[in-house]
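Reckoned from all heavy atoms, side chains included, excluding hydrogens, waters and symmetry mates. Residues: numbered from 1 along the sequence shown.
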Amino acid sequence: TVRRQEQYLVDGLEVILDNGVSCVVPPVHNDVITANLSSKKNWTAATLRTAQTRLEDALAKLEKPHAPTAGGLTFVIGWGLPYFRTFLPASLWQSKLPVDLALSQKDGATRYAVLDAIRFPSDPVDLLLEDNHVMIKIRTDSATIQREVESALFDNPNSGAFLGDLFDMTSKRVGFLGRGFG
């Protein structure tokens, strides 16, 4: 199965008409796992490259038997600013950040499209803002696929796709959409 370069795309999504509005129906299961790189490893340029290869290989192995559709499996991987600030020279990553052109023009200064999380006035004073290196989103209509993939990535060191030693998990957000339940 050929996968597109834009990892946020899911092929063959159903479109329904609801109250006269066309709605795209995303995969039922949308689990988000946030993490930091393992505090037990000495992260050098070489170990970061090895980890990158392992991540790419693990995702490819898990994706291979499944179509890039809602009924199959897709991932979204997002790297947070804390990862870049901690592990890469500023000159390298800052030159590649996407720029918010409209805001930059309005302010007369470069404004980036990727920002740190901020506290809003309506937030409780004890709100904890996460400072993660990575986010892994697992999307599928199948609860079985979702469980198997998560287990292979984080629970089973013999899965051939295990990444649990690379990350310190900070949160797991399990979500599903309300369709297909009769």
Does [Y] offer a backbone N or O that forms a donor-acceptor pair with the side chain of [X] under 3.5 Å?
X: Thr53; Y: Arg49; value: yes
X: Thr34; Y: Met135; value: no
X: Asp100; Y: Leu103; value: yes

For the pair [X] and [Y], find out whether any cationic side-chain nitrogen is under 4.0 Å from an anionic carboxylate oxygen.
X: Lys41; Y: Asp168; value: no
X: Arg173; Y: Glu130; value: yes
X: Asp107; Y: Arg111; value: yes
X: Arg54; Y: Asp165; value: yes

Check whether any side-chain heavy atom of [X] lies under 4.5 Å from a side-chain heavy atom of [Y], and answer yes or no.
X: Pro68; Y: Leu73; value: no
X: Asp131; Y: Tyr83; value: no
X: Ile136; Y: Met169; value: no
X: Val10; Y: Pro27; value: yes
X: Phe162; Y: Asp155; value: no
X: Lys172; Y: Val32; value: no
X: His29; Y: Arg139; value: no
X: Leu81; Y: Val114; value: yes

Could you check Leu127 against Arg119 for side chain to side chain contact (heavy atoms under 4.5 Å, CB included), going step by step and ending with a plain yes or no? CA-CA 8 Å; Leu127 175 73; Arg119 190 177 304 277; 3.2 Å; yes
Rounded to the nearest 0.5 Å, how far does [atom2] of [Y] lie from [atom1] of [X]?
X: Cys23; Y: Leu13; atom1: SG; atom2: CG; value: 12.5 Å
X: Phe120; Y: Ile118; atom1: CZ; atom2: CD1; value: 4.5 Å
X: Phe167; Y: Asn132; atom1: CZ; atom2: CG; value: 11.0 Å
X: Ser159; Y: Leu62; atom1: OG; atom2: CG; value: 7.0 Å
X: Trp43; Y: Leu37; atom1: CH2; atom2: CG; value: 5.0 Å
X: Phe75; Y: Leu153; atom1: CZ; atom2: CG; value: 5.5 Å

Start with the C-alpha gap between Phe84 and His133, add the side-chain angles, then the distance that decides, and say whether ring-ring contact (aromatic ring centres under 6.0 Å, His included) holds. CA-CA 8 Å; Phe84 296 104; His133 293 152; 9.8 Å; no
Answer with yes or no whether the side chains of Asp11 and Thr69 bring together a donor and an acceptor at under 3.5 Å. no
Can Thr110 and Ser104 be counted as having a side-chain donor-acceptor contact under 3.5 angstrom? no
Within a radius of less than 6.0 Å around CD of Glu6, do more than 12 heavy atoms belonging to other residues, nucleotides or ligands occur? yes
Nearest heavy-atom approach of Thr47 to Thr44 is OG1-N, 2.6 Å
Dump the intermediate steps for side chain to side chain contact (heavy atoms under 4.5 Å, CB included) on Gln146 and Val174, then the final yes or no. CA-CA 10 Å; Gln146 183 276 327; Val174 178; 5.7 Å; no
Stepwise side chain to side chain contact (heavy atoms under 4.5 Å, CB included) test for Lys137 and Asp31: CA-CA 6 Å; Lys137 184 172 186 176; Asp31 291 4; over 6 Å; no
Might you work through the side chain to side chain contact (heavy atoms under 4.5 Å, CB included) test for Val134 and Ile33, ending with a clear yes or no? CA-CA 8 Å; Val134 66; Ile33 295 166; over 6 Å; no
